[in-house]
Every structure is written in C-alpha cells, then in structure tokens.
Colleague: 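Input: one structure, supplied below.
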Amino acid sequence: MLALVSALWAVNTVAGTNLIANTAFGEGNEIVLTFAQPLAEGHLLEPGSYTVYEESDPDIRLQVTNIKVSPDETTAKLTFIEPLNQSQPHIITVAGMTSGESPLSFTVKKSYLGYLLTILITALLIKNFVFTKYLGLCVFMGTSKKKETAKGMGIVFTAVMVMSTAMSWLFYTYFMVPYNLTFLQVVVFIGLVSLSVQAMDTVLRKVNPFLFASFGIYLVLITTNCVVIAVPLMLAKEGYGFWEAMMLALGAGSGFLLALYLMASVRERLDLAQVPESFKGLPVAFLVAGQFGLAFLGFSGMTIS
Amino acid sequence: MWTVAACLMPPLVLSVFIFGIQTLVITAACVISCVVVEAITQKCLKRQVTIYDGSAVITGLLIAYIIPPSAPLWLPPLGAIMGIYIGKHLLGGIGYNIFNPALLARAFLMATFPVAMTAAWMPPLSTMEIFSFYGETVDAVSAATPLYLLSHGGMAALIEEFGSPSSFYGRFFLGWRPGCIGETSTFLIMAGGLFLMYKKYITWHTPVAMLGTIALLTWIFGGDEKLFAGDPILAVLAGGAMLGAFFMATDYVTTPMGAKAKLVFGFGVGALTVLIRLKGGYPEGVAYAILLMNPMTPALEVWFRPQRFAPPLGSDQ
C-alpha cells in the first residue's frame with residue numbers, strides 16, 4: 001500500500017496532473033468521483049479521511065458514511081448520512097493526500113447550464129404556477145375562452161414577467177439589499193410590475209388593437225396577478241442570480257402560456273357540450289381546472305437534476 | 001361497448017386465482033357504484049338514462065382494475081362519484097369528458113386516501129386458497145409491487161424478491177406478481193387488446209407508439225449507472241403499461257382520432273410515463289401520463305388535422 005501511495009504521489013508530482021479527473025453529484029446523498037487512473041487502495045478509500053462542507057457553510061461538516069468503488073477502480077461513490085443541497089458547491093479535502101504543496105482539495109458543483117435548465121423545467125411543468133400552486137387564476141379564467149386570446153395573453157404575460165423580473169432583480173440586488181430596504185420589497189415589486197404592464201399596454205394598443213380589445217380588463221389586471229408578484233418574491237427569498245431569475249421568470253411565463261392554451265382548447269370543446277345550466281361558463285371551467293390539477297399531481301415529488 | 005367489457009373479463013377471472021375471491025367483490029362494488037351514480041346523475045339532470053350502453057360498466061371495471069386488490073369497499077363509490085359525476089356528466093355527459101373517468105377516479109383516490117390506495121398490494125397466492133382473504137387472522141398482508149422495488153431499491157432489490165430476470169419475465173407475463181387486479185396479467189390484457197384491434201375497435205397506433213416509447217426510453221435512461229443499460233422488457237411487463245396502452249390510451253372520447261395525432265399521443269404518454277417512473281415521486285406513471293396527455297387531445301386534433309381531399313374552401317371547383 002505504501003508503495004502504491006508513493007507511486008501515486010510520484011505520478012502526481014512528476015506529471016503534475018490531478019488525481020481527480022471528474023466530480024459530480026449522484027442521487028440525493030451521493031457524490032461520484034472519477035479518478036485519473038485506477039486506484040486500488042489508499043486514503044481515498046477511507047471514509048474518515050474526507051472533510052466535506054458546503055462552500056457557504058465551512059463550519060458544518062458533512063459526514064461520509066460509505067465509499068463504494070466501481071469494479072475497474074476508476075470511480076468511487078461517496079454516500080452521506082443526509083441528502084446534500086446539490087445547488088450549493090461542496091468542497092472536499094482529503095487528509096493525507098497532497099496535490100503539489102497544498103493538501104488535496106477540490107470542489108463539486110453542478111453544471112451551471114444544467115442547473116438553469118432544471119429551474120426552467122421545474123417552473124414550467126413540475127411546479128406549474130396555475131395547476132400546482134393555484135396562482136394567477138383570475139387572468140387564467142378570464143382569458144382562456146378562446147385559443148387566440150389565450151395564446152396572445154400567454155405571450156404578453158411571459159414578456160411582462162421577464163421584463164419585471166429583470167428590473168426587480170437589478171433593483172433588489174443593487175439598491176434594496178445594500179441599503180437594507182428589503183422590507184419594502186412587496187411595494188417596490190408591485191410598482192415595477194405595473195410599470196412593465198403599462199409599457200406593454202401602450203405598445204399593444206398601437207401594435208395589435210384587436211388583441212388589445214380581446215384582453216379587455218385582464219391586461220391591466222396582470223398588475224395584480226399573483227404569479228407576476230410571486231416570481232420576484234421567490235427569487236428574493238432564494239437569493240437567485242440574474243440568469244437563474246430569468247429562467248424562473250421564463251419558466252413561470254411559459255408554464256402560464258401552456259396552461260392557458262390547454263385550458264382554452266378544452267373550453268372551446270366544452271362550448272359544444274350540454275353542460276348543466278347552473279354549471280355553464282366559469283363553474284365548469286373551475287371543475288376542469290381542478291381536474292388538470294389532479295393530473296399534474298403526477299409530477300409531485302419529481303426532482304430533475 | 002359490451003365487446004370491450006368482454007375483453008376485460010379474462011384478467012378478472014385470472015385475478016381470482018392470483019389474489020383470491022375478494023377481487024370479484026371489489027370489482028362488483030366498482031361496477032355497481034358506477035352504474036348507480038350514472039343512473040342517479042342522469043335522472044337528476046333529466047337526461048336519458050343510458051346505463052345499458054355499457055360505458056359505466058367499463059368505467060367501473062377499469063376503476064377496479066387500477067386500485068389495489070384488497071382496497072376497502074368504501075373507496076369505489078367515492079371514485080365513481082369523481083369519475084362519472086364530476087368527470088363526465090357535469091362536463092356534458094358521455095362524449096364530452098376531457099379526462100378518462102376511471103383514471104380521474106384513481107388520481108382523486110390517490111390524492112385523498114394515499115394510504116388506503118398504496119398499502120393494500122397483495123402477494124400472489126401460493127396455493128389455490130381463493131377464500132383465504134376472508135379467513136385470515138392477520139390484519140393485512142402487503143407486498144411491494146415490482147416497480148416500487150425498482151424505484152426504491154434498484155434492480156438488486158427486485159432480483160432479491162422475484163429471482164433472476166429470466167425467471168420472473170415468464171411469471172410477470174402470465175400475471176403472478178403483486179399489483180392491481182387488472183394490470184398483472186400482461187398476456188390476457190394483450191390478448192384482449194389484440195382482439196379489439198382485430199375487430200377494428202381500436203387501431204395499432206397508440207399502443208405501439210406508447211409501448212415502443214416506454215421500452216426505448218427505459219432502455220436508454222433506465223440503467224442504474226450508465227446509458228443504454230435499462231431493462232425494456234421489464235418496463236413493459238411491470239406496472240400498468242399494457243392496460244393503459246390497450247384500454248385507456250385508446251379511449252374514443254379522451255384521445256385523438258387521427259392516425260398522426262394518435263402516434264404523437266402515444267409517444268407523449270410513453271415519454272411522460274418513463275419520466276415519472278425514473279424521476280417522479282410515484283413508482284408508476286402510466287395513469288398520470290395518460291391523464292396529462294388527455295387535455296392535449298383537442299389541441300392535437302387541430303395540429304394534426306387530416307389533409308382535405310376536396311378542393312380548398314372558396315375555390316370555384
């Protein structure tokens with residue numbers, strides 16, 4: 001064993017390459033390490049020699065309970081007691097191993113693009129704002145009578161969402177947090193939302209008057225829509241970066257577009273049905289929305305990584 | 001409609017020998033509650049009572065086939081009210097429902113009574129004591145379904161419980177495994193479905209697209225460690241893939257009519273099933289996948305409208 005470790009050291013210092021070729025998160029409580037060359041034994045295989053913590057929380061050490069090495073000895077799977085917060089970068093230090101002068105230490109983090117995609121898909125489908133959180137129902141019910149209106153509203157909604165989220169993020173990060181004004185966030189976010197809705201209103205009045213007329217009151221009602229205000233509040237709470245915030249806004253907006261389009265195509269079909277008199281119009285729309293919610297329960301508990 | 005109901009009978013007969021005589025009781029409870037709910041609803045809404053057309057009977061049979069074999073008897077009426085009354089008649093009656101009533105009932109029961117709906121899976125009987133359910137001294141015997149094991153313990157747990165793949169393929173194909181009443185016997189379900197196809201009640205498009213997608217995507221992504229290591233045969237045999245493909249994704253009302261739209265529908269159901277099985281919180285996703293694709297039907301029919309053979313509207317010819 002001693003010979004092997006010294007041989008590894010020799011390789012490491014002579015060739016100047018790192019021992020670890022690749023690192024990645026596995027299932028909930030796992031980290032997978034890929035070595036540059038097969039390792040039979042050594043400190044890398046003893047759970048006790050690992051020190052693991054989240055980059056933002058160096059004081060909380062995470063305990064490795066088990067290490068499983070693949071048959072060809074090039075990958076090792078570290079298992080932890082508790083599930084890891086995989087959105088945070090984790091720093092791993094191995095006692096007894098050195099890389100050059102300093103102790104062997106490396107960072108495990110998610111690929112950023114994959115992380116952005118996860119946020120997008122989660123907001124779009126898995127936690128669809130309309131069908132799993134029941135937000136934004138007033139505009140949803142009001143503009144889902146016709147497919148054309150629904151499509152237009154979905155696109156306008158997404159545009160408003162992205163615009164107001166970008167402004168909210170900039171304002172929140174560079175003004176409210178430095179000056180400790182975060183208690184004003186609801187008021188400020190509503191102001192920014194109404195600004196972008198007003199801009200949209202002015203543009204749409206000139207560009208597409210027919211669509212504007214078909215929206216009626218509901219275009220202005222976006223101002224008080226709960227999805228539009230929920231997204232800035234969520235990103236303030238989660239401490240998202242700019243692109244993460246953009247993905248959340250885009251996902252929430254296109255999720256709303258999807259919900260509106262599906263609902264509109266269903267309601268156009270329901271117009272031909274003999275719905276009982278007392279259920280015509282909104283009541284049956286609520287019934288259908290509830291059934292959509294039941295179907296979207298299939299996504300509950302889903303984690304995409 | 002009665003032909004479809006007849007095609008659903010063989011799995012029920014077999015389930016008596018797999019799980020015991022109580023499967024008949026629970027199926028009867030489901031069918032009777034569906035027919036009663038349909039009759040009462042149609043009377044109250046002053047519509048023609050159409051319980052003899054068999055559609056409520058099929059809904060009842062399908063509800064019975066997708067709930068656990070030893071579920072309590074108060075579940076079926078609740079499911080029937082959700083599926084038949086709220087899911088079908090309030091939306092305009094037969095032909096106008098958006099979602100499959102039986103699947104809607106199952107999703108509703110899963111959301112409201114998750115324990116009753118998941119804790120009652122039974123192991124297949126080892127001997128022919130089909131009355132043992134009513135004579136048993138223990139409160140309940142439960143067993144994990146193959147997909148539950150696969151989702152929580154991986155392939156190793158499945159092999160430990162059921163033996164090696166080559167030995168359980170045969171048993172799963174015939175139906176000797178824990179699961180819902182109607183989904184266990186792949187062979188009989190497939191025979192019923194093929195008969196319907198032969199009689200031209202259903203077409204091949206949706207089942208082939210759906211089962212093919214499930215097998216292909218499971219083969220690619222279903223492996224524990226790397227790509228292209230999944231088990232496509234198990235993915236089609238285990239769970240409700242067969243029942244869903246032949247009897248639910250081919251429903252006339254809630255799925256599209258055109259051939260292209262049917263292929264897209266089947267592909268969507270297959271992809272969502274694999275997504276829910278591999279990444280979701282539930283071990284099985286066929287029911288939710290079909291429910292999620294059902295409201296796509298009106299849109300799919302518009303997107304894949306068959307080509308007009310007549311000259312375009314407004315032309316002189």
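Order of the sequence lines sets the chain letters (A, B, ...), proteins ahead of strands, with each chain counted from 1.
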Colleague: Please report, to 0.1 Å, the donor-acceptor pairs under 3.5 Å made by any side chain of residues 254-270 of chain B, with sequence neighbours excluded.
Modeller:
unit_1  : atom_1 : unit_2  : atom_2 : d
T254(B) : OG1    : D251(B) : OD2    : 2.7
T255(B) : OG1    : D251(B) : O      : 2.5
K262(B) : NZ     : T203(B) : OG1    : 3.2

Colleague: Heavy-atom distance under 4.5 Å between the side chains of F279(A) and L91(B), does that happen here?
Modeller: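 Contact flag for F279(A)/L91(B) side chains = no.
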Colleague: Does a sphere of radius 6.0 Å around OH in Y85(B) hold more than 12 heavy atoms from other residues, nucleotides or ligands, not counting ones at 6.0 Å or beyond?
Modeller: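 At most 12 heavy atoms, drawn from other residues, nucleotides or ligands, come within 6.0 Å of this atom.
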Colleague: Highest number of heavy-atom pairs under 4.5 Å with chain A: which of I86(B), L272(B), I290(B), L104(B)?
Modeller: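 Result: the option with the highest number of such pairs is L104(B).
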Colleague: Between F99(B) and F292(A), what is the ring plane arrangement, given parallel below 30°, perpendicular above 60°, and tilted in between?
Modeller: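 It falls in the perpendicular class, over 60°.
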Colleague: Testing the basics here: between P295(B) and L262(A), what is the closest heavy-atom pair and its distance to 0.1 Å?
Modeller: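 Heavy-atom minimum between the residues: O-CD2, 3.9 Å.
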Colleague: Locate the shortest heavy-atom distance separating V302(B) from K147(A); write the atom from each residue and the value.
Modeller: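 Between these two residues, the closest heavy atoms are CG2-NZ, 3.8 Å.
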Colleague: Under 4.5 Å heavy-atom distance to chain B, tell me which part of L294(A) shows up: side chain, backbone, both or neither.
Modeller: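 When you check distances to chain B, atoms from both the backbone and side chain of L294(A) fall under 4.5 Å.
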Colleague: Is M110(B) close to chain A through its backbone or its side chain, or both, or neither, when contacts mean heavy atoms under 4.5 Å?
Modeller: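 Looking at M110(B), nothing touches chain A.
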Colleague: Which heavy atom in Y96(B) sits nearest to a heavy atom in A273(A), and how many Å separate them?
Modeller: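 It is CD2-CB, 3.3 Å.
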Colleague: Is any side-chain heavy atom of Q274(A) closer than 4.5 Å to one of L45(B)?
Modeller: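 The answer is no; the side chains never approach within 4.5 Å.
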Colleague: Working to the nearest 0.5 Å, report the span between CE of M296(B) and CG of L258(A).
Modeller: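 These two atoms lie 7.5 Å from each other.
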Colleague: With rounding to the nearest 0.5 angstrom, report the CZ to CD1 distance, R267(A) to I98(B).
Modeller: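 Between R267(A) CZ and I98(B) CD1, I get 11.5 Å after rounding to 0.5 Å.
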Colleague: Checking N97(B) against chain A: side chain, backbone, both or neither under 4.5 Å from a heavy atom?
Modeller: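 Looking at N97(B), just its backbone touches chain A.
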Colleague: For A295(A) and Y288(B), work out which heavy atoms get closest and say how close.
Modeller: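 Shortest heavy-atom separation between A295(A) and Y288(B) comes out as O-CD2, 3.6 Å.
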Colleague: Tell me, side chain or backbone of L270(A) under 4.5 Å from chain B's heavy atoms, or both, or neither?
Modeller: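 Contact with chain B is through the side chain of L270(A) alone.
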Colleague: Answer yes or no: is there a side-chain heavy-atom contact under 4.5 Å between F299(A) and L292(B)?
Modeller: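 F299(A) vs L292(B): side chains touch.
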Colleague: Name the option with the most non-hydrogen atom pairs under 4.5 Å to chain B; the candidates are R269(A), Q291(A), E277(A).
Modeller: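 Highest number of pairs under 4.5 Å: Q291(A).
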Colleague: Is it the case that atom CH2 in W74(B) sees more than 12 heavy atoms from other parts of the structure closer than 6.0 Å?
Modeller: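 Yes, enclosed.
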Colleague: Would one find more than 12 heavy atoms of other residues, nucleotides or ligands at under 6.0 Å from atom OH of Y252(B)?
Modeller: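 Counting neighbours around OH of Y252(B), more than 12 heavy atoms of other residues, nucleotides or ligands fall under 6.0 Å, so yes.
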Colleague: Locate the shortest heavy-atom distance separating S265(A) from P298(B); write the atom from each residue and the value.
Modeller: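 Taking every non-hydrogen atom into account, O-CB, 3.7 Å.
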Colleague: Are L90(B) and V284(A) packed together at the side-chain level, in the sense that at least one heavy-atom pair is separated by less than 4.5 angstrom?
Modeller: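 Side chain of L90(B) against side chain of V284(A), heavy atoms only: no contact under 4.5 Å found.
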